[in-house]
Amino acid sequence: MKPVTIEDIKTFVTAPRGINLVVVKIETSEPGLVGYGCATFTWRHKAVVTAITEYLRPMLKGRDVSATEDTWQTMTGSSYWRNGPVLGNATAGVDEALWDIKAKRAGMPLYELFGGKCREGIALYRHADGASIEEVEDCVRRYLDEGYRHIRCHMGTYGGNAGGRNQQIFTPDNAPDGAYYDPRMYMNSVVTLLGRIRQDVGWHFEMMHDVHERLSPIDTLRLAKELEPMKLFFLEDCLPPENVEYFKYLREQTATPLAMGELFVHPAEWKTIIQNQWIDFIRVHISDIGGLTPARKLAHFCEIYGVRTAWHGPNDITPIGAVAQMHLDISSPNFGIQEFSGFTDEEQAVFPGCPDVRGGYAYLGDAAGIGVGFDEKEAARFPAVEMDHSWLFSRLPDGTSVRP
Ligand code: GCO
Ligand code: MG
């Protein structure tokens, strides 16, 4: 039988919620058979589009669509230097689209190719935030009313706003522009915030917090110990990938569950931390590591070491990417929780087929493939935008530039 081949690979950038998203569409030699994937690295999206259109598209046209593993290995090896978020996302967009095609040809939802359902619904967590403790608590109560039982709590996003309206941060003369935050104020505000939420709202739900690599190793250890009484579901990104060895000390000195990985872009970054069971949840951004092909292997690797999955699901991911990982969630015995940033009305118009979400769970339908489509006309109504990058230029009180 004549193989079905890749006819063309197209990329689209659309911003239905004001965040640049990158979609990959693979057209095949079989009329009407197309696949979609997510290649969203929103802070460098043009670089990803170039990597796909200038390198992967000419290289893959004419290839058999069924060779997902060989195509993945070829995409990854053919640049000699490999890994990293740009090539990872370019590879992922193609990889997810090929898995979408494979499941469509099989006439079944993708999770069936991954071994079928391990559960009926996918437990989700949402972000509660606000400029004051009261605002955050109101947000938590709203999510509890909607049925969510896992809620990440922040006051003033990453680095915090130090316990309500910005308290002054003392900077030196002529300090450069930047997104300043004070680690000590931030630490104290987190302990106060989470303590108040437990006192005022209660203990009948799971609570998380994302340190977002904003503290020094010793301070993050102190925070993890101070938060033990709050019985967190997990404390996330306590350290940057560059300091993963220090998780050894966190593990040895605190019982606060640890989640890590949204910044991982290389297998060497996650191997040791998982093998040593220094974390409890893997938080990888699946398109950063190259898509479903490597993510499945990572999920299996984690299962051996008792590490559960909590794939990165922020608002800078397409619904295609968000749902692709839900197929992994529903079919992984070591599923932990899925981060969820909601699907806006505009997004649902651009990406028809988003799953039902009710009572804190997502429910995948039985449509063949990933199950989420892409309406090019609707997408064109939301062209790429100039995004606000200011939060990325984070600085300590003395003006030192630090990771955001
Ligand atoms: C999270 C993340 C995100 C990232 C964002 C970067 O846990 O959801 O930390 O909020 O900061 O995806 O673009
Ligand atoms: Mg995070």
Side-chain angles (χ1 to χ4, degrees), residues 13 15 17-22 38-48 84-86 88-89 92 124-130 139 143 148 150-160 179 181 186 190 206-215 220 223-224 232-241 243-244 247 256-265 269-270 273 279-289 308-319 321-322 325-326 329 336-343 347 384-394 402-404:
V13 178
R17 69 157 99 185
I19 294 172
N20 294 325
L21 306 174
V22 181
C38 179
T40 302
F41 176 14
T42 200
W43 309 109
R44 299 287 184 276
H45 70 277
K46 295 175 185 156
V48 175
V86 172
N89 276 279
L124 306 170
Y125 79 86
R126 300 302 302 262
H127 296 181
D129 203 338
C139 192
Y143 282 132
Y148 292 98
H150 297 77
I151 302 169
R152 187 188 87 162
C153 300
H154 278 249
M155 184 160 54
T157 115
Y158 304 123
Y181 75 101
Y186 160 57
V190 173
E206 298 288 359
M207 188 160 67
M208 297 96 143
H209 181 77
D210 188 345
V211 176
H212 218 262
E213 54 171 4
R214 291 301 181 108
L215 295 175
T220 204
L223 181 67
L232 293 186
F233 188 77
F234 67 58
L235 189 62
E236 175 187 347
D237 282 4
C238 286
L239 294 158
N243 284 138
V244 286
F247 272 95
T256 293
L258 303 170
M260 177 70 180
E262 71 183 53
L263 284 166
F264 286 165
V265 291
E269 292 174 321
W270 61 71
I273 198 173
I279 59 171
D280 305 285
F281 297 90
I282 190 76
R283 286 273 296 137
V284 159
H285 187 95
I286 287 181
S287 65
D288 280 352
I289 66 165
R308 288 167 281 169
T309 68
W311 305 118
H312 193 223
N315 52 20
D316 45 329
I317 188 173
T318 66
Q325 61 195 20
M326 286 181 182
D329 292 336
I337 189 78
Q338 177 59 59
E339 180 179 21
F340 182 55
S341 300
F343 298 127
E347 277 183 327
V385 294
E386 273 313 309
M387 291 177 61
D388 171 9
H389 288 224
S390 61
W391 74 280
L392 292 158
F393 301 98
S394 38
V402 287
R403 303 175 187 101

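Just follow the structure's listing: the first ligand is 1, and inside any ligand the first atom is 1.
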Enquirer: Does the pair His127 and Asn315 meet the rule for a side-chain contact (heavy atoms from CB on, under 4.5 Å), with working shown?
Expert: CA-CA 11 Å; His127 296 181; Asn315 52 20; over 6 Å; no
Enquirer: For ligand 1, which atoms have a heavy atom of Arg283 less than 4.0 angstrom away?
Expert: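 Taking each heavy atom of Arg283 in turn, ligand 1 has 1 (C), 7 (O), 8 (O) under 4.0 Å.
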Enquirer: Which protein non-hydrogen atom lies closest to atom 10 (O) of ligand 1, naming both residue and atom, and how far is it?
Expert: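 Sorting protein heavy atoms by distance from atom 10 (O) of ligand 1 puts Tyr158 OH, 2.6 Å first.
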Enquirer: Which atom, counting only N, O or S, brings Glu262 closest to the Mg ion (ligand 2)?
Expert: OE1
Enquirer: Does a donor on one side chain sit under 3.5 Å from an acceptor on the other, for Asp316 and Thr40?
Expert: no
Enquirer: What atoms in ligand 1 come closer than 4.0 Å to a heavy atom of Pro314?
Expert: 8 (O), 12 (O)
Enquirer: Do Glu213 and Met260 come within less than 4.5 Å of each other through their side chains, counting heavy atoms only?
Expert: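 No. Closest side-chain heavy atoms not under 4.5 Å.
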Enquirer: Kindly give the atom name of the N, O or S atom of Glu236 closest to the Mg ion (ligand 2).
Expert: OE2
Enquirer: Answer side chain, backbone, both or neither: which part of His285 comes under 4.0 Å from ligand 1, heavy atoms only.
Expert: neither
Enquirer: Walk me through whether Leu239 and Val244 qualify under side-chain contact (heavy atoms from CB on, under 4.5 Å).
Expert: CA-CA 7 Å; Leu239 294 158; Val244 286; over 6 Å; no
Enquirer: Short list, please: which atoms of ligand 1 are under 4.0 Å from a heavy atom of His212?
Expert: 4 (C), 9 (O), 11 (O)
Enquirer: Quick one: which ligand 1 atoms are inside 4.0 Å of a heavy atom on Trp43?
Expert: 6 (C), 13 (O)
Enquirer: Where is the tightest heavy-atom contact between Gly342 and Glu347, given as atom of each residue plus distance?
Expert: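 Shortest heavy-atom contact: O-OE1, 3.8 Å.
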Enquirer: Closer than 4.0 Å to some heavy atom of Arg152 - which atoms of ligand 1 meet that?
Expert: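 Every atom of ligand 1 under 4.0 Å from some heavy atom of Arg152: 1 (C), 7 (O), 8 (O).
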Enquirer: For the pair Val22 and Asn89, evaluate side-chain contact (heavy atoms from CB on, under 4.5 Å) and give the outcome as yes or no after the intermediate values.
Expert: CA-CA 9 Å; Val22 181; Asn89 276 279; over 6 Å; no
Enquirer: Between Asp210 and Arg152, does at least one N-O distance fall below 4.0 Å, as a salt bridge requires?
Expert: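 Salt bridge between Asp210 and Arg152, a charged N being under 4.0 Å from a carboxylate O: yes.
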Enquirer: Out of Tyr125, Phe233, Tyr143, which one pairs with His150 under the ring pair (Phe, Tyr, Trp, His ring centres under 6.0 Å) rule?
Expert: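 Between His150 and the candidates, ring pair (Phe, Tyr, Trp, His ring centres under 6.0 Å) is satisfied uniquely by Phe233.
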Enquirer: Less than 4.5 Å apart, side chain to side chain, heavy atoms only: is that true for Val211 and Asp237?
Expert: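 They are not in side-chain contact.
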Enquirer: Does the separation of the ring centres of Phe393 and His389 fall below 6.0 angstrom?
Expert: no
Enquirer: Going by the order shown, which atoms of ligand 1 are within less than 4.0 Å of some heavy atom of Glu236?
Expert: 7 (O)
Enquirer: Going by distance only, is there an N or O of Thr42 that falls short of 3.5 Å from an N or O of ligand 1?
Expert: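 The answer is no, given that Thr42 and ligand 1 share no N or O pair closer than 3.5 Å.
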Enquirer: Heavy atoms only, cut-off 4.0 Å: how does Trp391 contact ligand 1, side chain, backbone, both, or neither?
Expert: side chain
Enquirer: For His312, is the nearest heavy atom under 4.0 Å from an atom of ligand 1?
Expert: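 For ligand 1, residue contact (heavy atoms, under 4.0 Å) with His312 is present.
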Enquirer: Among all protein heavy atoms in this structure, tell me which lies nearest to atom 4 (C) of ligand 1, with the distance rounded to 0.1 Å.
Expert: Glu262 OE2, 3.6 Å
Enquirer: A cation-pi test, strictly: NZ or CZ of Arg214 under 6.0 Å from the centre of the six-membered ring of Tyr186 and no more than 45 degrees from its axis. Yes or no?
Expert: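 Judged by the rule (NZ or CZ under 6.0 Å from the ring centre, within 45° of its axis), Arg214 is not positioned above Tyr186.
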Enquirer: Where is the nearest protein heavy atom to atom 8 (O) of ligand 1: which residue, which atom, and how far?
Expert: Glu339 OE2, 2.5 Å
Enquirer: Any idea which of Thr40, Ile19, Asp316, Leu263 brings a heavy atom closest to atom 6 (C) of ligand 1?
Expert: Asp316
Enquirer: Relative to the Mg ion (ligand 2), which of the N, O or S atoms in Asp210 is the closest?
Expert: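 Minimum-distance N/O/S atom of Asp210 relative to the Mg ion (ligand 2) is OD2.
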